[in-house]
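Okay, so here's the structure we're looking at.
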There are 2 protein chains.
Amino acid sequence: MRKTKTPIDCAATDSAAQDKAPIARADRRVTSYDVAMLAGVSQSAVSRCFKPGASVSKATYARVMKAAAGLDYIPNAAARSLITRRSNMVAVVISQLANLYYPEALAELSQQIARRGKRVLLFTMQNESDVDAILADIWQYQVDGAIVAAALTPAQIGEFERRRLPLVVFNRNLRGTSVSSVLCDQYDAGRLLASKLAGAGHRRFGIIAGPADSPVATERRNGAVDRLHELGLPAPSIASGQFDYASGAHGLRQIIAALGDVPDAVICGNDVMAIGCLDCARHELGIDVPGRMSVAGFDAVEPSNWLSYNLTTLRQPIHNMALAAADLLTSMIEAQELHGCAGEKRLFAPQFVEGATARLAALPASLAA
Amino acid sequence: MRKTKTPIDCAATDSAAQDKAPIARADRRVTSYDVAMLAGVSQSAVSRCFKPGASVSKATYARVMKAAAGLDYIPNAAARSLITRRSNMVAVVISQLANLYYPEALAELSQQIARRGKRVLLFTMQNESDVDAILADIWQYQVDGAIVAAALTPAQIGEFERRRLPLVVFNRNLRGTSVSSVLCDQYDAGRLLASKLAGAGHRRFGIIAGPADSPVATERRNGAVDRLHELGLPAPSIASGQFDYASGAHGLRQIIAALGDVPDAVICGNDVMAIGCLDCARHELGIDVPGRMSVAGFDAVEPSNWLSYNLTTLRQPIHNMALAAADLLTSMIEAQELHGCAGEKRLFAPQFVEGATARLAALPASLAA
DNA sequence: TTGTACGCGTTATCAA
DNA sequence: TTGATAACGCGTACAA
């Protein structure tokens, strides 16, 4: 028999359910021992009742559950995870919650992870340089795995491997590594957009790229640049900035200044930048879009679909991507004992959204002059 | 001496730091015992070294830290929280991550909570009816407190009190209860917007309210309705819908149908609805805004500020609200042992954003006919 | 300042 | 099916 302090006052159970007493007197919590005592069984019996698929007789199960309900007993997840080595928590690391794209992704991820019986421990950061501090926290909290939507150095990835912590990288392509990841091919996306626009006869391009430290931004830009080069078109005029509205406008002004003229088409690092560019063109500079200039972005965030914009863009299938990330991570967690996790990459194709901010048909010969 | 299994192979420390061995052989984790053994001290000495402000000599501290670094030891948060009764996790419950307003709030909250040395355990839901399932999870995970941005029933709030779990309600006014909360006075906001518009001479109002099960939506609508009534204006035509773009457009068509004419001004449940309403008016119905009709919303989300909209709206000071929520919760957590938490309400005033979608000056007499 | 011994609340093992 | 008992990894009185 375990030496326990004074047991929880069981009279609480007898009082009307309407107006329950506080859960625990003083500082004691309700434990499985209290339930066991009230139900007249052993503590391990109580434990078994809360483990799905354990062998308990119907009779004891009923008595235990009744006692548990009376005391408002709920198993302590910390104690459980200590011995099972499963916290049922998944770390989600996201760099730019302020961006419009990530909330949609986070909402999906959260739903999917919850559906799999796990919880999300959320880590956000202003600068991607805060990653190290966040990783230290992740180790402490004994999460079962992590989904990271931020840049990771090889050393950081190595840490995950040494700790045998399942990791899925979201929307960052870490070429050469064997990390599991879910992503849209951003380089390909850049190429695709360039092809579509070039196919309509645009020749003088501007590119307003996202921040240099973002791999997504870099790949989109490179894809577009390379494709334009392949097609024998003149090198585009390139500006860059943050993934935000102001950068879109600023970038457009820069490009026009550099070119000494309005470009035929502008490819922007994401939708918010494209919207900034579009608004600047229409409302500040009086440029007809798509009549005089075409504008396109990436992501198909919700506002891109609003009537005032109806943006030409590339949709990332975030719903499916979130689903894949959750699936990949859970399967890695399940399989962990069996074998090391084979770095699987799930690549999604971006979907072209025609919109109305880009001229996509070649001009008739009479106008093409 | 504790009967332990074979201790961690300490040879790992000797190998080059460049190419570290896996953290743990087989299935053992690195524990404070391993560090103690390597450093030649007791386990409790190790424990003290990781507790800020404990009494340890410089010499042992140095040796312990060296050993810890060599083994990549990190304290186990689950074990710690088991004994300290502090998990350093805060539950954040959010209903509509898809809405534009909440990501901004969540990003702020997350930053503020992290700054206070705690982590966010995130719970999201599609329907506010999922709250009960989420609460059950919250009890399990031994969080130190919760910030809830969703409707709670009195019974649910009672549960928090019985469990003595610090709770801050975000942006939901639970009148009559003594729950700590951080909020913007939505009723007042509704009144303010009505006053401003009425002051400019608008007489025939439309209101496109948010969903009936949202207290925020209801209060905004009631505030506007009451104020218009006080001013002796005709009762507004009211439509309602979800807090989304489509509902804004749909609501406007409903109001015009009901009125048989275009209203002077439309007050929308939030900015996204207002933007939907605005786009419908301008692009589908060809209504001049603000020339013929004024449109206003609530929240001042980022897109409301874009040039295509420049919406007249009321800003909620989310930065300060998030800060207040984090402060309130942490002070409740600190004070928990001392006394029961006095339900404090922090009320923030909405700030009027003039924008350009509402005519705010009275018409000259010549035109007022 | 340091070490010993115990407890936090649970699951896992094994014998009955 | 059930119960006794040993972990899980840590913090903390208490004694030295």
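In what follows, chains carry the letters A, B, and so on, assigned in the order in which the sequence lines appear, proteins first and then strands, with residues in each chain numbered from 1. Note that this is a predicted model, so its numbers are computed, not measured.
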>> Set out, in order, the CA-CA distance, both residues' side-chain angles and the distance that settles side-chain hydrogen bond (donor to acceptor under 3.5 Å, both in side chains) for B:Q140 and A:N76, then state yes or no.
In response: CA-CA 5 Å; B:Q140 276 204 29; A:N76 181 321; over 6 Å; no
Salt bridge present between [X] and [Y] (N-O < 4.0 angstrom):
{"X": "B:D144", "Y": "B:R85", "result": "no"}
{"X": "B:D327", "Y": "B:R116", "result": "yes"}
{"X": "B:E344", "Y": "B:R346", "result": "yes"}

Let me know the distance between [atom1] of [X] and [atom2] of [N], rounded to the nearest Å.
{"X": "B:Y141", "N": "C:dG9", "atom1": "OH", "atom2": "P", "answer": "18 Å"}
{"X": "B:Q142", "N": "C:dT10", "atom1": "CD", "atom2": "P", "answer": "8 Å"}
{"X": "A:I74", "N": "C:dT10", "atom1": "CD1", "atom2": "P", "answer": "11 Å"}
{"X": "A:I83", "N": "C:dG9", "atom1": "CD1", "atom2": "C1'", "answer": "10 Å"}
{"X": "B:M37", "N": "D:dG9", "atom1": "CE", "atom2": "C1'", "answer": "14 Å"}
{"X": "A:N76", "N": "D:dC10", "atom1": "CG", "atom2": "P", "answer": "17 Å"}
{"X": "B:R63", "N": "C:dT1", "atom1": "CZ", "atom2": "P", "answer": "16 Å"}
{"X": "B:L82", "N": "C:dG7", "atom1": "CG", "atom2": "C1'", "answer": "9 Å"}

> Base, sugar-phosphate, or nothing for A:Y61, non-hydrogen atoms under 4.0 angstrom?
Replying inline: nothing
>> Mind checking if B:T60 touches a base, just sugar-phosphate, or nothing, with heavy atoms under 4.0 Å?
In response: sugar-phosphate
>> Run the side-chain hydrogen bond (donor to acceptor under 3.5 Å, both in side chains) test on A:S81 and A:S87 for me, step by step, so that the C-alpha distance in whole Å, both residues' side-chain angles and the decisive distance to 0.1 Å come before the verdict.
In response: CA-CA 5 Å; A:S81 81; A:S87 64; 5.9 Å; no
Does [N] have its OP1 or OP2 closer than 4.0 Å to a side-chain nitrogen or oxygen of [X]?
{"X": "A:R85", "N": "D:dG9", "result": "yes"}
{"X": "A:Y33", "N": "C:dT11", "result": "no"}
{"X": "A:S57", "N": "D:dT2", "result": "yes"}

>> Strictly by ring-ring contact (aromatic ring centres under 6.0 Å, His included), give each pair with a member in residues 121-142 of chain B just once, sequence neighbours left out.
In response: B:W139-B:F160
> Pick one: which of A:V93, A:L167, A:V179 meets side-chain contact (heavy atoms from CB on, under 4.5 Å) with A:L152?
Replying inline: A:L167
>> For B:F50, I'd like to know if atom CZ has over 12 heavy atoms of other residues, nucleotides or ligands within 6.0 Å.
In response: yes
> Over its full length, what angle do the end axes of the helix from C:dT1-D:dA16 to C:dA16-D:dT1 make, each axis taken from five pairs and the result rounded to 10 degrees?
Replying inline: 30°
>> Just to be sure I understand the geometry, which residues of residues 42-55 of chain A put a non-hydrogen atom under 4.0 Å away from DNA chain C?
In response: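 Contacting residues: A:Q43, A:S44, A:S47, A:K51.
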> Among the nucleotides D:dG9, C:dT10, D:dC10, which one has an atom lying closest to any side-chain atom of B:R29?
Replying inline: D:dG9
> Hey, does the side chain of B:Q112 reach the backbone of B:L109 with a donor-acceptor pair shorter than 3.5 angstrom?
Replying inline: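 Absent.
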